[in-house]
Amino acid sequence: MTLPTAEIRTRIEVIRRRIAVACERAGRDPQEVTLMAVTKTVPPEAIKAAGAAGIVVFGENRVQEAAAKLSPAFLQEVGDTAQWHLIGHLQTNKVKKALELFQVIQSVDSLRLAETLQRQAAVLPKTIEVFLEINTSGEAAKFGVPPEQAVALAQAVAALPNLQLTGLMTIGALTDNPDTIRRGFRQLRDLRAEITAMNLSGVKLRHLSMGMTDDFELAIAEGSTMVRMGRAIFGDRG
Ligand SMILES: *Cc1c(COP(=O)(O)O)cnc(C)c1O
């Protein structure tokens, strides 16, 4: 199912207003919050509609799907200011392809993956911006490094010259309880403060990537700087 271009534009306007209201309630500047369009399973026409409505940051979950969609011609159509972020789990055997496709990898969740990224990025050579994915909910079905290992991973990644650590990412707990969801988001914010206080060389944690269609207002209340929105923009998947 693909929504018409005008409908996608309207939905983005509605989300921007909701972001502004959530920011106002939290005493924050809406400019601090980037709206990412999550385009997994979304066809090219709808992605272009989001680009035309002013979206510049796009998120994909799977390297293979992104490789199929992001042809040079398509990238040109979406516009050369567009940024592509990998937000799904990255297997080490897909690192090389991921480095070709994405400007930011938000799902770094192990030293092994970070070291593989370093090795391949050095070959190209290029510097890749990365976020650490933290499993703040503790749910077994979720990827991400456990919060108690986040500081050590940040220290290790800071020492890798071709990786530039600029943010933390998490997925909200799967529950209807807003307090539980907020606790996870707050934990990500606290981890950013803890890592920032360490003054790791070359590390500047500009981003807290948290909040999706069902919980982005809670995430903004807890300091999110990037909300990752799929269904709210493009409708239900599949
Ligand atoms: C799918 C996905 C999103 C978007 O989810 P919606 O509920 O559709 O807004 C955000 N982040 C990640 C990591 C995802 O996999």
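Worth saying up front: this structure is predicted, and the values here are computed from it rather than measured. Sequence positions, counted from 1, serve as the residue numbers for this chain. For ligands, and for the atoms within them, numbers begin at 1 and follow the listed sequence.
Counting only residues at least two apart or on different chains, the ring-ring contact (aromatic ring centres under 6.0 Å, His included) pairs with a member in residues 106-132 are Phe131-His207. Within the structure, the ring-ring contact (aromatic ring centres under 6.0 Å, His included) test picks out the following pairs touching residues 29-64 (sequence neighbours left out): Phe58-Trp84.
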Under 3.5 Å donor-acceptor pairs involving side-chain atoms of residues 140-148, not counting sequence neighbours:
unit_1: Lys142; atom_1: NZ; unit_2: Glu139; atom_2: OE1; d: 2.3
unit_1: Lys142; atom_1: NZ; unit_2: Gly172; atom_2: O; d: 3.3

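The shortest heavy-atom contact between Asp176 and Pro178 is O-CD, 3.0 Å. Nearest approach of Glu222 to Met210, heavy atoms of both residues: O-CE, 3.4 Å.
Protein residues with a heavy atom under 4.0 Å from ligand 1 are Val38, Lys40, Asn61, Ile87, Ile171, Met212, Thr213, Arg228, Met229, Gly230, Arg231, Arg237.
In the model, Asn135 has a side-chain atom that pairs as donor or acceptor with a side-chain atom of Ser137 under 3.5 Å.
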